[in-house]
Chemist: 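Structure provided below as structure tokens; questions to follow.
Along the sequence shown, residues are numbered consecutively beginning with 1.
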Amino acid sequence: MNLFSRLLATGGFAAVACLGPVVAPVQAQDYPVRAITMIVPFAAGGPTDVISRIVTGHMAQTLGQSIIIENVVGAAGTTATSRAARAANDGYTLITGHMGTHAASVPLYPKLTYHPEKDFEPVSLLAGTPILILARKDFPPKDFKEFVAYVKANTEKLNAAHAGIGSVSHVSCELLNALLDVKPTGVPFNGTGPAMNALVGGQVDYMCDQIVNAVPQINGGTIKAYAIATPERNPSLPDLPTTAEAGLPAFQAQAWNAIFAPKGTPASVIAKLNAAASKALDDETVRKRLLDLGSVIPKPAERTPEALAALVKSEIAKWTPVLKQASN
Ligand code: MLT
């Protein structure tokens, strides 16, 4: 959908002034003619940052322009997402959003200054990211069954790290804590990159996080992993049981990360960006890096802008009643 404002013959200036920024149509065949900014709404080193850097590194080759990652933190990614919604719709400012910024935030932030569906053009899904239950390496429980018993018995003494109210790590552990009927103290960070550092350092007790942030730590023995909240085990962590195997089948959680552009970005630019993202997801080196970190790479049909629009709509519909009930 092109934001194409009609310049009126008389009074057009006043009309245009109240329409807000008028963007000259971008010629797709020329796009991009300069570097592109990809806003990452969380701190460097976290899952959204890592996925963004892996995929945009290849996209930049295809597009022939550099893609500069800009980490903008705060309020579980909604600060950055609000800024991206107001950016020029010329294809030079994009954002990597996810289940938190583009779904859970809707029921959790009544005064949200953007709407995921109205203020963005979906570009492409990048990766599905199964959720893991993690703890500091000296956390006493040896397995998930003991984890459940220990957390129930000690909840008022325990804390759980997350990346802000409405972030993936917050929402998924809210779901887990509600199922276990426990209320640990939440400890917010500007992303699960810094939260993971605190977990490795033993400053926090446990966390629900996206697999891409945990595989290196688990393989390095610097944290404990109890279960993965997907129906099947993940090839990158074949020994990690599913929550169903561990006795809590009700806890199922997989997040996702995706590229969005401001509303009104020309369809021809969206198509170019979508093609570059899809080409990256078909590249062997990119695929290996994403799969080694436990990502679920979307099939071609799942990468279209239309598929992402449908995903955002369904995720908002799914999380709104769950989170409204959890916050009562
Ligand atoms: C991150 O990249 O830090 C995470 O996506 C934050 C979150 O848990 O949503």
Chemist: Just so I know, are the side chains of Pro116 and Ile316 near enough to count as touching, which here means a heavy-atom distance under 4.5 Å?
Modeler: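 Of all side-chain heavy-atom pairs linking Ile316 with Pro116, at least one is under 4.5 Å.
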Chemist: Say whether, by atom type as modelled, one donor and one acceptor occur between the side chain of Thr230 and the main chain of Glu232 under 3.5 angstrom.
Modeler: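 Side chain of Thr230 to backbone of Glu232: a pair is present.
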Chemist: Taking all heavy atoms of Gly100 and all of Val168, pick out the closest pair and write down the distance.
Modeler: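 The pair with the smallest heavy-atom distance is N-CG2, 4.0 Å.
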Chemist: Within a strict 4.5 Å, meaning less than it, do heavy atoms of the Ile133 and Leu176 side chains meet?
Modeler: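 Result yes, sub-4.5 Å side-chain heavy-atom pair found.
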Chemist: Ile228 versus Ile131: any side-chain heavy-atom pair under 4.5 Å?
Modeler: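 No, too far: nothing below the 4.5 Å cut-off.
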Chemist: Using a 3.5 Å distance criterion without hydrogens, assess whether the side chain of Ser169 forms a donor-acceptor pair with backbone atoms of His162.
Modeler: no
Chemist: Between Thr192 and Asp209, do the side chains contain an N or O donor and an N or O acceptor separated by less than 3.5 Å?
Modeler: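 Side chains of Thr192 and Asp209: pair found under 3.5 Å.
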Chemist: Of the options Asn219, Asn213, Ile218, which is the one that meets Val215 in a side-chain contact (heavy atoms from CB on, under 4.5 Å)?
Modeler: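 Between Val215 and the candidates, side-chain contact (heavy atoms from CB on, under 4.5 Å) is satisfied uniquely by Asn219.
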Chemist: Would you say Thr48 and Asn257 are linked by a side-chain donor-acceptor pair, where the criterion is simply a distance under 3.5 Å?
Modeler: yes
Chemist: Which heavy atom of Ile259 sits nearest to which heavy atom of Met59, and what is that distance?
Modeler: CD1-SD, 3.8 Å
Chemist: Looking only at heavy atoms, which two atoms of Cys208 and Ser172 are closest? And how far apart?
Modeler: CB-OG, 3.6 Å
Chemist: Please check this pair: side chain of Thr129 against backbone of Ser295, looking for a donor-acceptor N/O pair closer than 3.5 Å.
Modeler: no
Chemist: Check the hydrophobic clustering (I, L, V, M, F, W, Y; side-chain heavy atoms under 4.5 Å; chains of links allowed) and say if Ile223 and Leu293 are grouped together.
Modeler: yes
Chemist: Please check if the side chain of Glu146 supplies one atom and the backbone of Lys142 the other of a donor-acceptor pair under 3.5 Å.
Modeler: yes
Chemist: Check this for me: does any side-chain nitrogen of one of Arg233 and Glu245 sit under 4.0 Å from a carboxylate oxygen of the other?
Modeler: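 Judged by the 4.0 Å cut-off on N to carboxylate O distance, Arg233 and Glu245 do form a salt bridge.
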Chemist: So Tyr206 and Pro184, do their side chains get closer than 4.5 Å, heavy atoms only?
Modeler: yes
Chemist: One pair to check against side-chain contact (heavy atoms from CB on, under 4.5 Å): Ser167 and Val171. What are the steps and the verdict?
Modeler: CA-CA 6 Å; Ser167 63; Val171 166; over 6 Å; no
Chemist: Looking at Lys224 and Pro141, would you say the former's side chain and the latter's main chain have a donor-acceptor pair under 3.5 Å?
Modeler: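 Looks like yes, one N/O pair under 3.5 Å.
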Chemist: State, to 0.1 Å, how close Ala161 and Phe189 come at their nearest heavy-atom pair, and which atoms those are.
Modeler: CB-CE1, 3.7 Å
Chemist: Specify whether Phe42 and His98 have parallel, tilted or perpendicular ring planes, treating 30° as the upper limit for parallel and 60° as the lower limit for perpendicular.
Modeler: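 If you compare the ring of Phe42 with that of His98, the planes turn out tilted.
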Chemist: I'd like to check Ile36 versus Tyr31 (side-chain heavy atoms, cut-off strictly below 4.5 Å). Are they in contact?
Modeler: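 Of all side-chain heavy-atom pairs linking Tyr31 with Ile36, at least one is under 4.5 Å.
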Chemist: Report yes or no: do Gln217 and Thr222 form a side-chain donor-acceptor pair below 3.5 Å?
Modeler: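 Yes, because at least one side-chain N or O of Gln217 sits under 3.5 Å from a partner of the opposite role on Thr222.
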Chemist: Quick one: are Thr265 and Asp90 in side-chain contact, heavy atoms under 4.5 Å?
Modeler: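 No, side chains not in contact.
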Chemist: Please assess Leu158 against Thr185 for the test side-chain contact (heavy atoms from CB on, under 4.5 Å), listing each intermediate value before the final yes or no.
Modeler: CA-CA 6 Å; Leu158 297 178; Thr185 303; over 6 Å; no
Chemist: Between atom CG of Leu63 and atom CD of Gln65, what is the distance when rounded to the nearest 0.5 Å?
Modeler: 8.5 Å
Chemist: Starting at CG of Leu323, measure out to CD of Glu174 and round the result to the nearest 0.5 Å.
Modeler: 8.0 Å
Chemist: Kindly check if the number of other-residue, nucleotide or ligand heavy atoms within 6.0 Å of CD (Glu156) is above 12?
Modeler: yes
Chemist: Of all the heavy-atom pairs spanning Ala60 and Ile67, show the shortest one and how long it is.
Modeler: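 The pair with the smallest heavy-atom distance is N-CD1, 3.9 Å.
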Chemist: Do Trp256 and Val296 sit in one hydrophobic cluster, given that two such residues count as connected whenever their side-chain heavy atoms are within less than 4.5 Å of each other, even indirectly?
Modeler: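 Per the 4.5 Å side-chain linkage, Trp256 and Val296 are not co-clustered.
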Chemist: Hey, what do you get for CG (Leu126) to OG1 (Thr56), rounding to the nearest 0.5 Å?
Modeler: 9.0 Å
Chemist: With rounding to the nearest 0.5 Å, note down the distance linking CG in Leu112 to OG in Ser105.
Modeler: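 If we round to the nearest 0.5 Å, Leu112:CG and Ser105:OG are 4.5 Å apart.
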Chemist: Please list all pairs meeting salt bridge (Lys or Arg N to Asp or Glu O under 4.0 Å) that have one or both residues in residues 46-75, counting only residues at least two apart or in different chains.
Modeler: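 Applying salt bridge (Lys or Arg N to Asp or Glu O under 4.0 Å) to every pair that reaches into residues 46-75, excluding sequence neighbours, yields Asp49-Arg53, Glu70-Arg83.
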Chemist: So does Arg303 get a backbone contact from the side chain of Asn274, meaning a donor-acceptor N/O pair under 3.5 Å?
Modeler: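 Yes; judged by distance alone, with no hydrogens or angles, the pair exists.
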Chemist: Given side chains that start at C-beta, do those of Leu94 and Phe260 come closer than 4.5 Å, heavy atoms only?
Modeler: no
Chemist: Supply the atom-to-atom distance Leu132 CG to Asn234 CG, rounded to the nearest 0.5 angstrom.
Modeler: 8.0 Å
Chemist: Among Thr285, Asp292, Val286, Leu291, whose side-chain contact (heavy atoms from CB on, under 4.5 Å) with Lys288 holds?
Modeler: Asp292
Chemist: If you group Ile, Leu, Val, Met, Phe, Trp and Tyr by side-chain heavy-atom gaps below 4.5 Å, do Met207 and Ile211 land in one group?
Modeler: yes
Chemist: Considering all heavy atoms of both residues, which atom of Gly97 and which atom of His102 are nearest to each other, and what is their separation?
Modeler: CA-ND1, 3.7 Å
Chemist: Are Asp119 and Arg86 side-chain neighbours, meaning at least one heavy-atom pair lies under 4.5 Å?
Modeler: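 Not touching, per the 4.5 Å side-chain cut-off.
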Chemist: Take Phe147 and Phe144 through the ring pair (Phe, Tyr, Trp, His ring centres under 6.0 Å) test and state the conclusion after the steps.
Modeler: CA-CA 5 Å; Phe147 172 89; Phe144 187 62; 5.8 Å; yes
Chemist: For Ile39 and Thr96: C-alpha separation, side-chain torsions, deciding distance, then whether side-chain contact (heavy atoms from CB on, under 4.5 Å) applies.
Modeler: CA-CA 6 Å; Ile39 295 174; Thr96 303; over 6 Å; no
Chemist: Do side-chain atoms of Asn177 reach the backbone of Lys183 as a donor and acceptor pair under 3.5 angstrom?
Modeler: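 Pair absent, no side-chain N/O of Asn177 close to backbone of Lys183.
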Chemist: Does Val50 share a hydrophobic cluster with Ile68, counting links as ILVMFWY side-chain heavy atoms below 4.5 Å and allowing steps through other members?
Modeler: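 Val50 does not cluster with Ile68.
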Chemist: Mind checking the OG1-OH spacing from Thr78 to Tyr109? Nearest 0.5 Å is all I need.
Modeler: 4.5 Å
Chemist: Should the pair Asp181-Lys152 be classified as a salt bridge under the 4.0 Å nitrogen-to-oxygen rule?
Modeler: no
Chemist: Please verify the inter-ring angle class for Tyr114 with Phe120; under 30° counts as parallel, over 60° as perpendicular, anything in between as tilted.
Modeler: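 If you compare the ring of Tyr114 with that of Phe120, the planes turn out perpendicular.
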Chemist: Can you tell me if Glu315 uses its side chain to pair, donor with acceptor, with the backbone of Val312 under 3.5 Å?
Modeler: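 No; zero donor-acceptor contacts below 3.5 Å.
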Chemist: What about Ile51 and Val73, same hydrophobic cluster or not, with Ile/Leu/Val/Met/Phe/Trp/Tyr joined at side-chain heavy-atom distances under 4.5 Å?
Modeler: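 No; Val73 is not reachable from Ile51 via cluster members.
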Chemist: Test side-chain contact (heavy atoms from CB on, under 4.5 Å) on Leu108 and Lys324 and set out the steps.
Modeler: CA-CA 8 Å; Leu108 288 173; Lys324 283 195 184 304; over 6 Å; no
Chemist: Do NZ/NE/NH1/NH2 and the carboxylate oxygens of Asp143 and Lys145 come within less than 4.0 Å?
Modeler: no
